Amino acid sequence: MWSVPKAISLFTHRGHPLIIDMVSEHASPLAVLGGADGGGQNVHVAALAVALGRRGHQITVFTRRSDESLPDKVRIAPGVTVEHVSAGPPRSVPKDELLPYMPEFGRHLGRRWHSRRPDVIHAHFWMSGLAALAAAPEFELPVAQTFHALGVVKRRYQSSSDSSPPERRRLESQIAREAGLIIATCSDEVHELCALGVQPESVTVIPCGVDLERFRASGPVAPRGHRPRVLSLGRLVPRKGVDTVIEAMAHVPGAELLIAGGPAMPELGPDPEVRRLRELARVRGVTDRVVFLGQVRHDDAAALMRSADVIVSVPWYEPFGMVPVEAMACGIPVIGSAVGGHLDTISDGFTGLLVRPRDPAALAGRLRDLLGDRRWRASLGRAGAARAQTRYSWERIAALTETAYERLNTARLRSAAEGARS
C-alpha cells in the first residue's frame, strides 16, 4: 500500500479551496507600471491572484523587498496577500542583476514552507522558478512554471544588448525539465520550449487576461483635439519598437502620436531612451506631432485608450502582449507586430491588423488605411471587444489555471504511486 503526501492529497476533492503560493521575484503586484521592469508580468500576477482569490482560494505572492520601508505582508484583495522577501539589498535592482540573490530567496521560501505547506506553487519568470525549485523538492510540492519570456528569444532579437546573465539559457532549460508543468502564455512559446527539448505534453497554453470592468468600450475618455490620434503604450525599452512607430508617423501626415510609458513626467528629460526617441522624432520632422506622456497609471490607461483612433504595439518580439488585448476590450482597433502572443490574440483583418516588426513603411501604410476609414475602425473595434469578452476575462483565465493545477496534481499523484510501488 502506498500513501500520498498530505500536500498533494488536498487536490483530490474537486472544488476544495487551495493554498497557492506564487513566486514573482522582480514583478511585484504592487509595482507602478511603465518602468524598465514594471509591465505586463506585474499585471498578470496581480490579476490572476485576485481572480483565484475570488474563486475561494488562498494566495500568497512572494516578491523581493525593493524598499526597506515596505511592510512584511500586504493584503491586496480577499484571499490574496503579498509577502516581501528580504533577498539582496532592500532597494530597486534591475531584474537582470538579481540572480545572485535567488539562493537567499529560495531559503526564505523553504522556511515558510516548513511552517505552512501550500498545495501548489506557481513560479513566474525563470529566476522565480530557480528559487522555487531549490526549496520545493524537500516538501514534495508541485511547481507550475510560467516563464513570461525566454532567454533564448531575448538573445536572438537583442544580441549583444541582451543584459541577461550568461547562465540564463542553461538554467531555463533546467527549470523547464524540473517543473511539474509549464504554463505558456502563447502557442509560439510552445514551439520555443520544444526546441529546448521540452516535451509538448508537459506544456499547456493559458493566455493572459484583461480586466473587463476597467477596459471596456464605454467609459470616460481622455481629452483630445481634432487630429487623428495614434497611441503607443508600454515600457520604453528598445525592443518595444516605439522607434518604428515614430518613423512611420513621418508618412502619416496630420496624425498625432501619444507615447505613454517610461519614467514619470518630471524624469522624462534625462531618460536615455526618451532622449533617443525624441532625437529620432526631430530627425524625422514629427516633433510637433509626437507627445511623450511619461508614466500613466493603470487606472487611467483605459480612458487614454478610448481617446485613440488606433493603438499600435509593434515590439520586435512579445511573449504575450497585454496592450493589444486591453485595446480590443476598449473597442479600439489595434495594429500589432506579427510576433509571439500577438499571433494568438490579434485576428488579422478581423479584430486588428498585423505587420512585420521593424518595418515603418508597412506600419505607415496600415495606419493610413485605418485612419482613413472610420467604418473599418468601428468594425475592427466591435470584433475586438467581442473577442476580448469571450476569450480573455480573468474569470476564464483563473478557471483554466485551476484546471492546469489539477493536471499538475494528477501527474504528481501518478508519480507518487509509481514511486511507492517500485
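These figures come from a predicted structure and were not determined experimentally. Reckoned from all heavy atoms, side chains included, excluding hydrogens, waters and symmetry mates.
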Kindly determine whether Asp243 and Arg276 satisfy salt bridge (charged side-chain N to carboxylate O under 4.0 Å, His left out), including the steps that lead there. CA-CA 9 Å; Asp243 50 358; Arg276 183 180 77 89; 3.3 Å; yes

For the pair Val252 and Val286, evaluate side chain to side chain contact (heavy atoms under 4.5 Å, CB included) and give the outcome as yes or no after the intermediate values. CA-CA 10 Å; Val252 187; Val286 294; over 6 Å; no

Audit row: Ser161, Arg239, side-chain hydrogen bond (donor to acceptor under 3.5 Å, both in side chains) steps and yes/no: CA-CA 10 Å; Ser161 64; Arg239 79 166 183 89; over 6 Å; no

Just do the side chain to side chain contact (heavy atoms under 4.5 Å, CB included) check on Ile259 and Ile246 with the steps written out, would you? CA-CA 10 Å; Ile259 299 173; Ile246 291 174; 4.0 Å; yes

Show the numbers, then the answer: is there a side chain to side chain contact (heavy atoms under 4.5 Å, CB included) between Ile175 and Gln145? CA-CA 8 Å; Ile175 293 162; Gln145 173 70 41; 3.6 Å; yes

As a quick check of understanding, evaluate side chain to side chain contact (heavy atoms under 4.5 Å, CB included) for Leu99 and Met127, giving each step before the final call. CA-CA 7 Å; Leu99 182 59; Met127 281 186 280; 3.9 Å; yes

Assess the residue pair His122 and Thr146 against the criterion (side-chain hydrogen bond (donor to acceptor under 3.5 Å, both in side chains)); give the C-alpha distance rounded to whole Å, side-chain angles, the decisive distance to 0.1 Å, and a yes or no. CA-CA 7 Å; His122 190 165; Thr146 298; 2.8 Å; yes

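Nearest heavy-atom pair across Ile397 and Pro207 is CG2-O, 3.4 Å. Residues Ser28 and Asn42 share a closest heavy-atom pair of O-ND2, 2.9 Å. Pairing each heavy atom of Leu18 with each of His57, the nearest pair is N-ND1, 2.9 Å. Smallest separation of non-hydrogen atoms from Ala136 and Val143: CB-CG2, 3.6 Å. The two residues Val190 and Ala184 come nearest to each other via the heavy atoms CG2-CB, 4.2 Å. Here the shortest heavy-atom pairing between Arg65 and Pro71 reads NH1-O, 4.0 Å.
The number of heavy atoms from other shown groups lying within 6.0 Å of CD (Glu395) does not exceed 12. No more than 12 heavy atoms of other residues, nucleotides or ligands shown are found within 6.0 angstrom of CZ on Arg391. Sparse packing is recorded around CD of Glu213, with 12 or fewer heavy atoms of other residues, nucleotides or ligands lying under 6.0 Å away. The local environment of CZ in Arg227 is crowded, with over 12 non-hydrogen atoms from other residues, nucleotides or ligands closer than 6.0 Å.
Taking the six-membered ring for Trp and the full ring otherwise, the centers of His298 and Phe215 sit less than 6.0 Å from each other.
Residues passing the ring pair (Phe, Tyr, Trp, His ring centres under 6.0 Å) test with Tyr317 are Tyr157, sequence neighbours excluded. With sequence neighbours excluded, no residue satisfies salt bridge (Lys or Arg N to Asp or Glu O under 4.0 Å) with Arg306. Scanning for salt bridge (Lys or Arg N to Asp or Glu O under 4.0 Å) contacts around Arg170 gives an empty result, with sequence neighbours left out. For Arg156, the side-chain hydrogen bond (donor to acceptor under 3.5 Å, both in side chains) partners are Glu192, not counting sequence neighbours. Checked against ring pair (Phe, Tyr, Trp, His ring centres under 6.0 Å), His148 has the following partners two or more places apart in sequence or in another chain: His44, His124.
Between Asp271 and Arg275, the closest side-chain pair of non-hydrogen atoms is not below 4.5 Å. With a 4.5 Å cut-off on side-chain heavy atoms, Pro17 and Gln58 do not count as touching. Considering only heavy atoms from C-beta on, His342 comes within 4.5 Å of Leu354 through its side chain. Counting heavy atoms from C-beta outward, Val310 and Leu231 have side chains that stay 4.5 Å or more apart. The closest side-chain heavy-atom distance from Phe105 to Val23 is below 4.5 Å. With contacts defined as side-chain heavy-atom distances shorter than 4.5 Å, the pair Arg75/Val80 does not qualify. Side-chain atoms of Met22 and Ile59, non-hydrogen and from C-beta on, do get closer than 4.5 Å to each other. With contacts defined as side-chain heavy-atom distances shorter than 4.5 Å, the pair Thr351/Leu380 does not qualify.
Rounding to the nearest 0.5 Å places CG of Leu70 at 4.5 Å from NE2 of His84. Once rounded to the nearest 0.5 Å, the distance linking CZ of Phe320 with OG1 of Thr345 reads 5.5 Å. Within the model, atoms CG of Leu353 and CD1 of Ile335 stand 5.5 Å from one another, a figure rounded to the nearest 0.5 Å. How far CD of Gln174 is from CD of Glu167: 11.5 Å, rounded to the nearest 0.5 Å. Note: Leu141 CG to Ile121 CD1 = 4.5 Å, rounded to the nearest 0.5 Å. Distance check: Leu370 CG to Ile311 CD1 gives 12.0 Å after rounding to the nearest 0.5 Å.
By the 4.0 Å N-to-carboxylate-O rule, Glu318 lies close enough to Lys240 to be salt-bridged with it. Using a 4.0 Å cut-off between a side-chain N of Lys or Arg and a carboxylate O of Asp or Glu, Arg214 and Asp299 qualify as a salt bridge. Remark: Asp162 does not engage Arg168 in a salt bridge, criterion side-chain N to carboxylate O under 4.0 Å.
Side chains of His26 and Thr63: no donor on one and acceptor on the other come within 3.5 Å. Side-chain atoms of His251 and Arg368 form no donor-acceptor pair, as typed in the model, at a separation below 3.5 Å. Between the side chains of Trp113 and Asp21, at least one donor N or O lies within less than 3.5 Å of an accepting N or O. A donor-acceptor pair shorter than 3.5 Å can be found between the side chains of Ser307 and Arg229. Between the side chains of Ser128 and Glu25, at least one donor-acceptor pair of N or O atoms lies under 3.5 Å.
Side-chain N or O atoms of Glu189 include one that pairs as donor or acceptor with a backbone N or O of Thr185 at under 3.5 Å. In this structure a side-chain-to-backbone donor-acceptor pair under 3.5 Å is present from Asp344 to Ser187. Judged by distance alone, the side chain of Arg64 and the main-chain N or O of Pro89 form a donor-acceptor pair under 3.5 Å. Side chain of Glu172 to backbone of Gly151: a donor-acceptor contact under 3.5 angstrom is found. Using a distance-only test at 3.5 Å, with no hydrogens or angles considered, a donor-acceptor pair links the side chain of Ser337 to the main chain of Pro315. A donor-acceptor distance shorter than 3.5 angstrom exists from the side chain of Arg289 to the backbone of Ala255, with no hydrogens or angles considered.
Here salt bridge (Lys or Arg N to Asp or Glu O under 4.0 Å) pairs that include residues 370-385, with residues two or more places apart or in two chains, are Asp309-Arg377.
Taking the centre and axis of the six-membered ring of Phe62, the NZ or CZ atom of Arg112 falls outside the cone set by 45° and 6.0 Å.
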